[in-house]
Amino acid sequence: MPLPFTSRRAPFYADIPDEKWNDWRWQLSHRLNTVEEIEKVITLTDSERKALNASGLFRVEVTPYFISLIRPEDPNDPIRKQIIPTASEMVSFTSMMEDSLAEDRHSPVPGLVHRYPDRVLMLVTTQCASYCRYCTRSRIVGDPTATFSRNEFEMQIDYIKRTPQVRDVLLSGGDPLVLAPKILEEILTRLREIPHVEIVRIGSRVPVFLPMRVTQELCDMLEKFHPLWLNIHVNHPNEISQELADATNRMAKAGIPLGNQSVLLAGVNDCVHIQRKLVHDLVRIRVRPYYLYQADLVEGGGHFRTAVAKGIEIIEGLRGHTSGYAVPQFIVDAPGGGGKIPLMPNYLLSYSDHKVVVRNYEGYVTTYEEPLDYKPHDPKTCSFCQNKRLEPGQTGITGLLDGDHMFIKPKDFDEVHDRHGIQHRLKDESKWKPLGIGDGTEV
Ligand SMILES: *Cc1c(COP(=O)(O)O)cnc(C)c1O
């Protein structure tokens, strides 16, 4: 048997009866947010004290459960850095933005982000159980007086209803699992009524901040809305307690496939060996590492940023060295709203017309001899090709390969290259119109 996970309670809470400690309502109503409260549990640094006393900083809240996982005397504790502000949050940096992913620009109605062709991000609340200092959505999250209205919810549902290409709805916020169960149930019910919504996903850090919230009743409710997937958010192995393991076990038993999204954070988890322990502990609690994100260019988060190379180094240290199931994808979420871009080490070293040279994680270099008689897939006899459903404006590089178009041009490309010239005898539009791309038509 592998070692069991630990369960911790800060000495300050020693006298709290178990039924209170294990009650999520008690945990939520006893969250800590001031210097006076927090220093009863951990020893604060001057920088933390300064930040906690500053006004205008992103909201602070920590559940008693989560603060108990911090080693109280260690100023570099990886959990503490995620939730206790320091003066570094007040430092600005080049290319810092309020909304670095331009989510609000890609939002057809308030709280709904439609960036990819077939799926939407639906923000259902601005509240969380505790607040991550590097929150990518700190521009809208945390304000206790500003959350999404009934009317905005109806607009979100209406948009999804009239947008049949949306087959996947990702609930986030804020944290959907802090909503009153009845409200969450209504949201899920309304989404399930829409025939083209095939899957629903929830992104939540409640299992990490407040595992006692993942009650059997909650799991019984969620189970009614399958196929339902859920991503949690763990950054460091110290966050994996017996309580979290019990919570993921309840969710897994309710048939919910579980993933993890983590953020690469300087001074928290920017180390191959920490990441290896993290992903091993995650698969032990039946959570599949999904994404590891490069930290966003968000205000207040500058001190958490690493070089992009660190993420590639981490993937190099995982892929092949451990179970494929335990290896997340390293993602840079494109500033300005380009969406998620996976990055990884290069495994393809060279190629000729029928041979590729590849290397493995050990540095073993080999060749793969390609067939000389491969008969290409014939779209004309493939019913899936005939009925392909890709969004016309968003086929991208696969559209180039598929022959939907022959090039992708930056905006104003034609105008720039026209050089304000004249229409002359050699300029004939028909010369640069493709004559049937790759379809074998004789011309
Ligand atoms: C991350 C994200 C998604 C989901 O992306 P997947 O790669 O499918 O997990 C969808 N919409 C938005 C706006 C996102 O940021």
Side-chain angles (χ1 to χ4, degrees), residues 97-126 128 132 134-141 148 152-153 155-157 159-160 163-177 187-188 191 194 196-205 227-235 256-264 279 282 287-298 301 311 315 325 327-344 389-391 393-398:
M97 286 171 265
E98 196 183 326
D99 179 9
S100 76
L101 309 179
E103 290 187 328
D104 293 340
R105 178 158 19 120
H106 295 142
S107 158
V109 298
L112 200 80
V113 187
H114 190 180
R115 134 133 297 282
Y116 301 100
D118 68 341
R119 53 208 187 279
V120 292
L121 173 67
M122 182 173 172
L123 308 180
V124 294
T125 174
T126 58
C128 290
C132 310
Y134 48 86
C135 179
T136 193
R137 231 166 266 136
S138 51
R139 69 186 186 282
I140 44 179
V141 165
F148 297 100
E152 286 169 337
F153 168 65
M155 283 160 75
Q156 294 175 338
I157 293 288
Y159 178 84
I160 297 169
T163 313
Q165 68 265 34
V166 175
R167 43 160 288 287
D168 174 2
V169 177
L170 167 46
L171 300 182
S172 184
D175 196 319
L177 295 190
I187 293 171
L188 292 168
L191 286 172
I194 305 172
H196 55 265
V197 172
E198 296 174 358
I199 64 167
V200 177
R201 299 192 243 178
I202 295 176
S204 174
R205 210 178 185 190
L228 180 94
W229 296 58
L230 193 139
N231 265 324
I232 64 172
H233 170 29
V234 182
N235 294 318
I256 304 170
L258 299 170
N260 183 61
Q261 318 201 69
S262 53
V263 182
L264 179 51
V279 298
L282 283 168
V287 175
R288 158 116 221 235
Y290 181 54
Y291 287 154
L292 169 65
Y293 292 103
Q294 173 71 12
D296 288 329
L297 298 167
V298 67
I315 302 304
Y325 265 134
V327 183
Q329 264 191 326
F330 175 53
I331 300 283
V332 177
D333 213 334
K340 299 179 176 70
I341 300 172
L343 295 180
M344 68 191 82
R389 275 190 49 199
L390 284 180
E391 274 312 287
Q394 249 181 322
T395 62
I397 310 300
T398 197

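For ligands, and for the atoms within them, numbers begin at 1 and follow the listed sequence.
- For Tyr159, the ring-ring contact (aromatic ring centres under 6.0 Å, His included) criterion is met by His114, not counting sequence neighbours.
- Across Thr126, Asp99, Leu123, Asp104, a single residue satisfies side-chain contact (heavy atoms from CB on, under 4.5 Å) together with Arg137, and that is Leu123.
- A search for ring-ring contact (aromatic ring centres under 6.0 Å, His included) contacts involving Tyr290 returns nothing, not counting sequence neighbours.
- Every residue was checked against the salt bridge (Lys or Arg N to Asp or Glu O under 4.0 Å) condition with Arg288, not counting sequence neighbours, and none meets it.
- For the side-chain contact (heavy atoms from CB on, under 4.5 Å) with Val298, the lone residue among Pro335, Ser138, Cys135 that qualifies is Ser138.
- The protein residues lying under 4.0 angstrom from ligand 1, judged by non-hydrogen atoms, are Val113, Tyr116, Arg119, Leu121, Leu170, Arg201, Tyr290, Tyr291, Lys340.
- Atom OH in Tyr116 sits 10.0 Å away from atom CD in Gln394 (nearest 0.5 Å).
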